[in-house]
Undergrad: 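First the structure, which I've put down as structure tokens, then a few questions once you've had a look.
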Amino acid sequence: MGYGFLQYQTAEAAQKALRQLQHCMVDDHQLEVKISERATRTAEVSHKKKQAEKKQTGSKILVRNVPFQATVREIRELFCTFGELKTVRLPKKAAGSGNHRGFAFVDFLTKQDAKKAFAALCHSTHLYGRRLVLEWADAEDTVETLRQKTAEHFHGDLPKKRRKADVMEGILESMETD
């Protein structure tokens, strides 16, 4: 592309690099070094959810946003380079449609291997054009608990359903006492 970006810990280090590397020759090309305008702007607070919020509790990684054409074999190949895998699961949709649900569980033999894989792949790993989102899976994360978490995220606590259940329970109780 003809350009690149470097990020330094301090502004002083960036200024020193600017002075030392200006007009330096690399592969028969003369470098023109300057401070990025983006770096000089104040850092905007990102409203994006941080990926590594959860702490590592085990050796299991939850992989979200898995493309529907991806297979268990492809997920296994992506992660096996970081260590020995215990299991790779792509939960299926109900009613035997054959498609998976868009997420996977990757369980490593050791926590260290899982940590290496997470660190290497959590920032910007793409599969079939979709960015994989990695989270540490809870030990009790199952399809059912994920379904419940997703429902709570999109629908809140569903107070209407609880009220209906209470109403039904009240009707049944009144029928039993009559």
Side-chain angles (χ1 to χ4, degrees), residues 1-5 7 36 38 43-173 175:
M1 297 291 285
Y3 63 92
F5 292 92
Q7 186 172 2
S36 169
R38 177 182 244 184
E44 295 175 19
V45 178
S46 176
H47 296 291
K48 239 183 182 179
K49 192 176 178 183
K50 291 279 186 232
Q51 225 174 316
E53 279 179 6
K54 271 188 186 176
K55 295 284 184 209
Q56 180 179 5
T57 57
S59 60
K60 189 185 287 187
I61 298 173
L62 168 62
V63 184
R64 295 183 190 266
N65 203 30
V66 175
F68 293 111
Q69 64 264 41
T71 64
V72 171
R73 184 171 169 246
E74 291 169 324
I75 300 292
R76 183 178 299 280
E77 286 175 5
L78 179 65
F79 283 89
C80 74
T81 57
F82 299 98
E84 196 171 342
L85 297 172
K86 202 184 306 182
T87 59
V88 175
R89 292 189 308 117
L90 265 171
K92 300 269 187 217
K93 288 183 181 176
S97 65
N99 290 338
H100 64 81
R101 300 180 52 144
F103 62 90
F105 292 104
V106 179
D107 199 357
F108 283 86
L109 219 50
T110 66
K111 284 185 177 184
Q112 293 82 6
D113 290 344
K115 192 173 192 171
K116 280 192 303 188
F118 190 92
L121 300 174
C122 74
H123 298 295
S124 187
T125 301
H126 288 75
L127 186 61
Y128 290 110
R130 293 186 73 164
R131 183 176 174 271
L132 299 179
V133 179
L134 274 59
E135 294 177 17
W136 290 110
D138 292 335
E140 71 278 354
D141 263 352
T142 61
V143 173
E144 196 54 46
T145 57
L146 282 174
R147 186 179 292 149
Q148 188 177 1
K149 284 180 187 178
T150 304
E152 287 172 5
H153 174 74
F154 285 106
H155 305 296
D157 286 340
L158 298 173
K160 289 180 184 173
K161 284 190 178 177
R162 288 204 179 123
R163 270 190 258 132
K164 285 180 187 175
D166 292 340
V167 169
M168 289 301 291
E169 192 174 303
I171 291 170
L172 289 173
E173 282 178 16
M175 287 172 62

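Quick caveat: nothing in here was measured; it's all calculated off a predicted structure.
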Undergrad: Using only atom types and a distance under 3.5 Å, with no angle test, would you say the side chain of Gln56 pairs donor to acceptor with the backbone of Gly58?
TA: yes
Undergrad: Hey, does Val106 have a side-chain heavy atom less than 4.5 Å from the side chain of Leu134?
TA: no
Undergrad: Would you indicate whether the side-chain heavy atoms of Glu74 and Tyr128 approach each other to under 4.5 Å?
TA: yes
Undergrad: Within 45° of the six-membered ring axis of Phe105 and under 6.0 Å from that ring's centre, is NZ or CZ of Lys60 located there?
TA: yes
Undergrad: Please check if atom NZ in Lys115 has more than 12 non-hydrogen atoms from other residues, nucleotides or ligands closer than 6.0 Å.
TA: no
Undergrad: Nearest 0.5 Å please: distance from the CG atom of Leu90 over to the CZ atom of Phe103.
TA: 9.0 Å
Undergrad: How far does OG1 of Thr87 sit from CZ of Arg76, to the nearest 0.5 angstrom?
TA: 8.0 Å
Undergrad: For Arg101 versus Lys92, what's the shortest heavy-atom pair and its separation?
TA: CD-O, 3.2 Å
Undergrad: To the nearest 0.5 Å, tell me how far Leu85 CG sits from Ser59 OG.
TA: 10.0 Å
Undergrad: From Lys111 NZ over to Asp113 CG, what is the distance, rounded to the nearest 0.5 angstrom?
TA: 13.0 Å
Undergrad: Should Phe68 and His100 count as side-chain neighbours, where that means a heavy-atom distance under 4.5 Å?
TA: yes
Undergrad: In Å, rounded to the nearest 0.5 Å, how long is the span from OG of Ser124 to CG of Leu132?
TA: 9.5 Å
Undergrad: Which heavy atom of Leu127 sits nearest a heavy atom of Ala70, and at what distance?
TA: CD2-CB, 3.9 Å
Undergrad: Between atom CD1 of Ile61 and atom CD of Glu135, what is the distance when rounded to the nearest 0.5 Å?
TA: 11.0 Å
Undergrad: Answer yes or no: is there a side-chain heavy-atom contact under 4.5 Å between Ile75 and Val66?
TA: yes
